[in-house]
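Heads up: the structure comes next, in C-alpha coordinates.
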Amino acid sequence: MNDRTSKYHKIYDVVRQIPPGKVLTYGLVAELAGLYGRSRLVGYALFRVEIDSDIPWQRVVNAKGEISYSEARCGGDYLQKNLLEEEGIEFIKGDRIDLKKYLWRVPICLPE
DNA sequence: GTCGTGACTCGAT
DNA sequence: AATCGAGCCACGA
(Lines give C-alpha, C1' and ligand atoms only; values in the text may rest on other atoms or scores of the structure.)
Protein backbone atom coordinates (compact mmCIF):
# COMPACT_ATOMS: atom_id res chain seq x y z
CA MET A 1 0.00 0.00 0.00
CA ASN A 2 1.40 3.38 -0.94
CA ASP A 3 1.62 6.40 1.35
CA ARG A 4 -1.07 8.12 -0.65
CA THR A 5 -3.34 5.11 -0.43
CA SER A 6 -2.70 4.88 3.28
CA LYS A 7 -3.91 8.45 3.76
CA TYR A 8 -7.12 7.68 1.94
CA HIS A 9 -7.53 4.52 3.96
CA LYS A 10 -7.42 6.60 7.12
CA ILE A 11 -10.07 8.91 5.74
CA TYR A 12 -12.34 6.03 4.76
CA ASP A 13 -11.79 4.43 8.12
CA VAL A 14 -12.91 7.55 9.96
CA VAL A 15 -15.97 8.05 7.79
CA ARG A 16 -16.98 4.41 8.23
CA GLN A 17 -17.08 4.93 11.98
CA ILE A 18 -19.65 7.71 11.84
CA PRO A 19 -22.73 6.40 13.66
CA PRO A 20 -26.25 6.80 12.22
CA GLY A 21 -27.89 10.13 12.95
CA LYS A 22 -24.55 11.89 13.18
CA VAL A 23 -22.47 13.85 10.70
CA LEU A 24 -18.89 15.05 10.38
CA THR A 25 -17.33 17.97 8.57
CA TYR A 26 -14.57 17.56 6.03
CA GLY A 27 -12.15 19.46 8.21
CA LEU A 28 -12.93 17.25 11.18
CA VAL A 29 -12.51 14.07 9.17
CA ALA A 30 -9.19 15.40 7.96
CA GLU A 31 -8.09 16.12 11.49
CA LEU A 32 -9.10 12.67 12.73
CA ALA A 33 -7.26 11.13 9.82
CA GLY A 34 -4.11 13.03 10.71
CA LEU A 35 -4.55 15.43 7.82
CA TYR A 36 -5.40 18.66 9.60
CA GLY A 37 -5.82 21.48 7.13
CA ARG A 38 -6.08 19.14 4.20
CA SER A 39 -9.86 19.25 4.11
CA ARG A 40 -9.79 19.36 0.34
CA LEU A 41 -8.17 15.96 0.23
CA VAL A 42 -11.05 14.54 2.20
CA GLY A 43 -13.47 15.89 -0.34
CA TYR A 44 -11.39 14.38 -3.11
CA ALA A 45 -11.11 11.03 -1.38
CA LEU A 46 -14.84 10.83 -0.81
CA PHE A 47 -15.55 11.96 -4.33
CA ARG A 48 -13.69 8.93 -5.63
CA VAL A 49 -15.68 6.59 -3.40
CA GLU A 50 -18.22 4.50 -5.24
CA ILE A 51 -21.89 4.37 -4.36
CA ASP A 52 -21.74 0.66 -3.63
CA SER A 53 -19.02 1.18 -1.04
CA ASP A 54 -19.68 0.64 2.63
CA ILE A 55 -18.67 4.23 3.27
CA PRO A 56 -21.48 6.62 4.28
CA TRP A 57 -19.88 9.49 2.42
CA GLN A 58 -23.11 11.42 2.49
CA ARG A 59 -22.75 11.75 6.27
CA VAL A 60 -19.84 14.08 5.68
CA VAL A 61 -20.82 17.71 5.18
CA ASN A 62 -18.97 20.98 4.83
CA ALA A 63 -18.32 23.46 7.64
CA LYS A 64 -21.53 25.33 6.88
CA GLY A 65 -23.63 22.28 7.55
CA GLU A 66 -24.62 21.83 3.94
CA ILE A 67 -24.42 18.62 2.00
CA SER A 68 -21.76 18.72 -0.66
CA TYR A 69 -22.89 16.25 -3.23
CA SER A 70 -22.32 16.21 -6.91
CA GLU A 71 -25.42 16.71 -9.02
CA ALA A 72 -23.55 15.06 -11.85
CA ARG A 73 -23.77 11.80 -9.95
CA CYS A 74 -26.62 9.35 -10.14
CA GLY A 75 -30.00 10.06 -8.58
CA GLY A 76 -28.76 8.28 -5.51
CA ASP A 77 -27.71 11.65 -4.14
CA TYR A 78 -31.04 12.97 -2.93
CA LEU A 79 -31.81 9.42 -1.96
CA GLN A 80 -28.99 9.57 0.56
CA LYS A 81 -30.33 12.90 1.81
CA ASN A 82 -33.60 11.15 2.43
CA LEU A 83 -31.64 8.50 4.30
CA LEU A 84 -30.13 11.12 6.58
CA GLU A 85 -33.59 12.45 7.34
CA GLU A 86 -34.67 8.95 8.30
CA GLU A 87 -31.72 8.80 10.68
CA GLY A 88 -33.17 11.77 12.51
CA ILE A 89 -31.21 14.57 10.93
CA GLU A 90 -33.33 17.66 10.42
CA PHE A 91 -32.68 19.83 7.39
CA ILE A 92 -32.96 23.59 7.68
CA LYS A 93 -33.91 25.71 4.69
CA GLY A 94 -33.79 22.60 2.54
CA ASP A 95 -30.11 21.82 2.49
CA ARG A 96 -28.68 22.83 5.83
CA ILE A 97 -28.43 20.76 9.01
CA ASP A 98 -27.87 21.77 12.61
CA LEU A 99 -24.22 20.94 13.26
CA LYS A 100 -24.56 21.84 16.95
CA LYS A 101 -27.03 19.04 17.25
CA TYR A 102 -25.92 16.37 14.82
CA LEU A 103 -22.15 16.78 14.70
CA TRP A 104 -20.52 13.53 15.76
CA ARG A 105 -18.52 13.89 18.94
CA VAL A 106 -15.59 11.53 18.76
CA PRO A 107 -15.72 9.20 21.81
CA ILE A 108 -12.06 8.20 21.72
CA CYS A 109 -8.66 9.69 21.07
CA LEU A 110 -7.37 8.50 17.76
CA PRO A 111 -3.64 8.09 17.14
CA GLU A 112 -2.05 10.77 15.04
C1' DG B 1 7.98 18.35 -15.72
C1' DT B 2 4.13 22.47 -15.27
C1' DC B 3 -0.75 24.19 -14.93
C1' DG B 4 -5.55 24.40 -13.83
C1' DT B 5 -9.27 22.61 -11.24
C1' DG B 6 -11.82 20.94 -7.23
C1' DA B 7 -17.45 17.00 -2.62
C1' DC B 8 -13.04 22.43 1.58
C1' DT B 9 -11.74 25.83 5.46
C1' DC B 10 -10.57 30.09 7.63
C1' DG B 11 -10.05 34.97 8.47
C1' DA B 12 -10.91 39.52 6.83
C1' DT B 13 -14.00 42.77 4.52
C1' DA C 1 -25.06 37.03 6.37
C1' DA C 2 -22.48 36.93 2.03
C1' DT C 3 -18.23 37.32 -0.64
C1' DC C 4 -13.07 37.16 -1.47
C1' DG C 5 -8.55 35.54 -1.31
C1' DA C 6 -5.02 32.52 0.31
C1' DG C 7 -3.64 27.89 1.78
C1' DC C 8 -3.82 22.99 1.16
C1' DC C 9 -2.91 18.49 -1.84
C1' DA C 10 -4.11 15.06 -5.58
C1' DC C 11 -5.20 14.21 -10.30
C1' DG C 12 -5.72 14.74 -15.34
C1' DA C 13 -4.27 17.09 -19.58
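Only heavy atoms go into these numbers, but all of them, side chains included; no hydrogens, no water, no symmetry mates. None of the values given here were measured: they were computed from a predicted structure. Chain letters run A, B, ... following the sequence lines, proteins first, then strands; residues in each count from 1.
- Checked by atom type and distance alone, the side chain of A/R48 never pairs as donor or acceptor with a backbone atom of A/L46 at under 3.5 Å.
- Between the P atom of B/dG6 and the CG atom of A/L41 lies a distance of 16 Å, rounded to the nearest Å.
- At least one donor-acceptor pair under 3.5 Å links the side chain of A/Y12 to the backbone N or O of A/A45.
- At a threshold of 4.0 angstrom between heavy atoms, the contacts of A/Y8 are confined to the sugar-phosphate backbone, with no base atom among them.
- Contact annotation: A/R38 side-chain N/O to C/dC9 OP1/OP2 distance is under 4.0 Å.
- One interatomic measurement links the two molecules: NZ of A/K10 to C1' of C/dC9, which rounds to 17 Å at whole-angstrom precision.
- Rounded to whole Å, atom P of B/dT5 lies 16 Å from atom CZ of A/F47.
- At whole-Å resolution of the value, OH in A/Y36 and P in C/dC9 are 13 Å apart.
- Side-chain atoms of A/A63 lie closest to B/dC10 of the nucleotides C/dA10, B/dC10, B/dC8.
- If you find the closest nucleotide of DNA chain C to A/R96 and to A/G37, the one lying nearer the 5' end belongs to A/R96.
- Counting non-hydrogen atoms under 4.0 angstrom, A/K64 reaches nothing in the nucleic acid.
- Candidate nucleotides C/dC9, B/dG6, B/dC8 were compared by shortest atom distance to the side chain of A/N62, and B/dC8 ranks first.
- Considering all non-hydrogen atoms of both residues, A/E87 and A/R59 come closest at OE2-NH2, 2.6 Å.
- Judged by distance alone, the side chain of A/Y102 and the main-chain N or O of A/G88 form a donor-acceptor pair under 3.5 Å.
- Atom CG of A/L32 is separated from atom P of B/dC8 by 18 Å (rounded to the nearest Å).
- In this structure, of B/dC8, C/dC11, C/dC9, it is C/dC11 that holds the atom nearest to the side chain of A/R48.
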